[in-house]
Amino acid sequence: MKPFTYERAQSPAQAAAAVAQSPGAKFIAGGTNLLDLMKLQIEAPTHLVDVNGLALDKIEPTSEGGLRIGAMVRNADLAADERVRRDYGVLSRALLAGASGQLRNKATTAGNLLQRTRCPYFYDTDQPCNKRQPGSGCSAIGGVTRQHAVIGTSKACIATHPSDMAVAMRVLDAAVETVRPDGRTRVIPIADFHRLPGDTPHIETALERDELITSVTLPRPIGGTQIYRKVRDRASYAFALVSVAAIVQRDGSGRVALGGVAHRPWRVEAAEAAMPQGAKAVTAQLLAGAQPTHENAFKLPLAERALAAALVQARS
Ligand SMILES: Cc1cc2nc3c(=O)[nH]c(=O)nc-3n(C[C@H](O)[C@H](O)[C@H](O)COP(=O)(O)OP(=O)(O)OC[C@H]3O[C@@H](n4cnc5c(N)ncnc54)[C@H](O)[C@@H]3O)c2cc1C
Ligand code: SF4
């Protein structure tokens, strides 16, 4: 690991200002992703701004009838929150499908949204990777691609976003609240938060480098049966090959987002009109234009079957 300096931030705006002042600075929350990346020298921040002491660890009701989740709320606490379990079951289930108990005790809401891809070439510093080193090439294209994206890919990158929580946030229409070094705040709808790779796969979100996430808000509950199904190579401690976050209403209408298929949680609202017709009709639209490789084409029927199973579960 390369040497770095460290400070504990005193307020959200001061944390953002501290990162703004130092070009090599990064925020650190639970550290469960960033420290791994530092050990492998995939990321080498020169200064860490610790945001754990900023009192951003509360879950509170909003005036609109939703919930405001502080950026530092631990994944375990969020999954266990009574209001989340009752009104946003898909979120609780997605969180519990991720990582391990120990990791969830440490991992935060903001850090989870910002975790980096699990593409094996991104982790192998001997291999070209446009995300790790812009312009160096993509080793996955023409390489081993079983885990990779099938839709929304580009000639520069075919990585997936690994978060389970983010898929549930997308189906719930969450919004990300941030603060800048000068104290200005903004709200980014989750639909606009994660980017597709395009020509710049190293730019993964709509955040500025010195912009701190302060919270994530959930709108008023929409009810329905809320399901998260994660298909993976082993029963725990593995990232999704395909995951489905579904909210199904009594009349068969609903919402669906997929994980494990794209560079961001994948949702196409127009496809949801087909929910009453079943999984085949929905996935035909949701995954229209998919460009899988010969190694990951299995993700298309897998997504359809995972959604079909979720719909059966919702009706039972
Ligand atoms: C073995 C293992 C298995 C895992 N399995 C899964 C899984 O199955 N599913 C899953 O979803 N996840 C999984 N994870 C990932 C885990 O959920 C993430 O590592 C975790 O959520 C990251 O949160 P953190 O608080 O530790 O982030 P950190 O590592 O502290 O930070 C991550 C990034 O977010 C930035 N950041 C942190 N807080 C803020 C903020 N407030 N504002 C702006 N930027 C910020 C940091 O600068 C850094 O770039 C796994 C991790 C490991 C190590
Ligand atoms: S898919 Fe993306 S992360 Fe993986 S090697 Fe290619 S550029 Fe890097």
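We count ligands from 1, going down the list as the structure has it; atoms in each ligand are counted the same way.
Protein heavy atom closest to atom 21 (O) of ligand 1, with residue, atom name and distance, is N112 CA, 3.1 Å. The protein heavy atom nearest to atom 37 (C) of ligand 1 is A29 CB, 3.7 Å. Summary of contacts: the protein heavy atom closest to atom 34 (O) of ligand 1 is L114 CB, 3.3 Å. Given atom 41 (N) of ligand 1, the protein heavy atom at minimum distance is I213 O, 3.0 Å. For atom 47 (O) of ligand 1, the nearest protein heavy atom (residue, atom name, distance) is F27 O, 2.6 Å. Atom 1 (S) of ligand 2 has as its closest protein heavy atom I158 N, 3.2 Å. Nearest protein heavy-atom neighbour of atom 8 (Fe) of ligand 2: C129 SG, 2.3 Å. Here the protein heavy atom with the shortest distance to atom 7 (C) of ligand 1 is A99 N, 3.0 Å. Looking only at protein heavy atoms, the nearest one to atom 13 (C) of ligand 1 is F239 CE2, 3.3 Å. Looking only at protein heavy atoms, the nearest one to atom 2 (C) of ligand 1 is L103 CD1, 3.4 Å. The closest protein non-hydrogen atom to atom 2 (Fe) of ligand 2 is C157 SG, 2.4 Å.
Under the 4.0 angstrom criterion for non-hydrogen atoms, M72 is in contact with ligand 1. Taking 4.0 Å as the cut-off, A238 counts as a neighbour of ligand 1 on heavy-atom distance. Look at H161 and you'll find every heavy atom at least 4.0 Å from all atoms of ligand 1. Contact annotation: K230 has at least one heavy atom less than 4.0 Å from an atom of ligand 1.
The contact set between ligand 2 and N130, taken as ligand atoms under 4.0 Å from a residue heavy atom, comprises 7 (S), 8 (Fe). With ligand atoms numbered from 1 in the order given, ligand 2 contributes 5 (S) to contacts under 4.0 Å with heavy atoms of Y121. Each of the following atoms of ligand 1 lies closer than 4.0 Å to a heavy atom of Y237: 1 (C).
Of the candidates V167, T32, V19, V73, the one placing a heavy atom closest to atom 26 (O) of ligand 1 is T32. When the heavy-atom distances from atom 7 (S) of ligand 2 to P201, A156, P197, A159 are ranked, the shortest goes to A156. Comparing P162, A110, P12, G30 by heavy-atom distance to atom 24 (P) of ligand 1, the nearest is G30. Considering each of R209, M165, Q115, E43, the one bringing a non-hydrogen atom nearest atom 15 (C) of ligand 1 is Q115.
Taking 2.8 Å as the criterion, C138 does not count as a coordinating residue of atom 8 (Fe) of ligand 2, since none of its N, O or S atoms falls below it. For C119, the nearest N, O or S atom to atom 4 (Fe) of ligand 2 falls under 2.8 Å.
Of the polar atoms of R118, none of the N or O atoms is found under 3.5 Å from an N or O of ligand 1, judged by distance alone. Between T108 and ligand 1, an N or O atom pair is found at a separation short of 3.5 Å. Where the criterion is an N or O separation shorter than 3.5 Å, residue side chain and backbone included, D164 meets it with respect to ligand 1.
A side-chain N or O of N112 and one of Q115 form a donor-acceptor pair less than 3.5 Å apart. A donor-acceptor contact closer than 3.5 angstrom links the side chains of H47 and T5. For the residue pair E177 / S215, a side-chain donor-acceptor distance below 3.5 Å is found, with atom types taken as modelled.
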**Q.** E7 vs Q14, side chain to side chain donor-acceptor pair (under 3.5 Å): CA-CA, chis, key distance, verdict
**A.** CA-CA 11 Å; E7 76 175 275; Q14 186 268 322; 3.1 Å; yes

Q. Which is it for Q127 and R132 under the side chain to side chain donor-acceptor pair (under 3.5 Å) test, yes or no, and what are the steps along the way?
A. CA-CA 10 Å; Q127 302 287 333; R132 179 169 25 78; over 6 Å; no

Q | side chain to side chain donor-acceptor pair (under 3.5 Å) evaluation trace for R195 with T200 | A | CA-CA 10 Å; R195 293 166 46 113; T200 53; 2.9 Å; yes

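Contact check for R186 versus R180: side-chain heavy atoms found under the 4.5 Å cut-off.
L34 and I213 are members of different hydrophobic clusters when ILVMFWY side chains are connected at heavy-atom separations under 4.5 Å. Two different hydrophobic clusters hold M165 and M72 under the rule that ILVMFWY side chains link at heavy-atom gaps under 4.5 Å.
A ring-centre distance under 6.0 Å is not found for H194 and H263.
For Q291, the CD atom counts as loosely surrounded, since its 6.0 Å shell holds 12 or fewer non-hydrogen atoms of other residues, nucleotides or ligands. The number of heavy atoms from other shown groups lying within 6.0 Å of CG (D124) is above 12.
We find that R264 and E204 are not joined by a salt bridge, their nearest charged nitrogen and carboxylate oxygen being 4.0 Å or further apart.
Side-chain N or O atoms of T283 include one that pairs as donor or acceptor with a backbone N or O of A279 at under 3.5 Å.
N52 contributes atom CG, which lies 7.5 Å from atom OG1 of T108 (distance to the nearest 0.5 angstrom).
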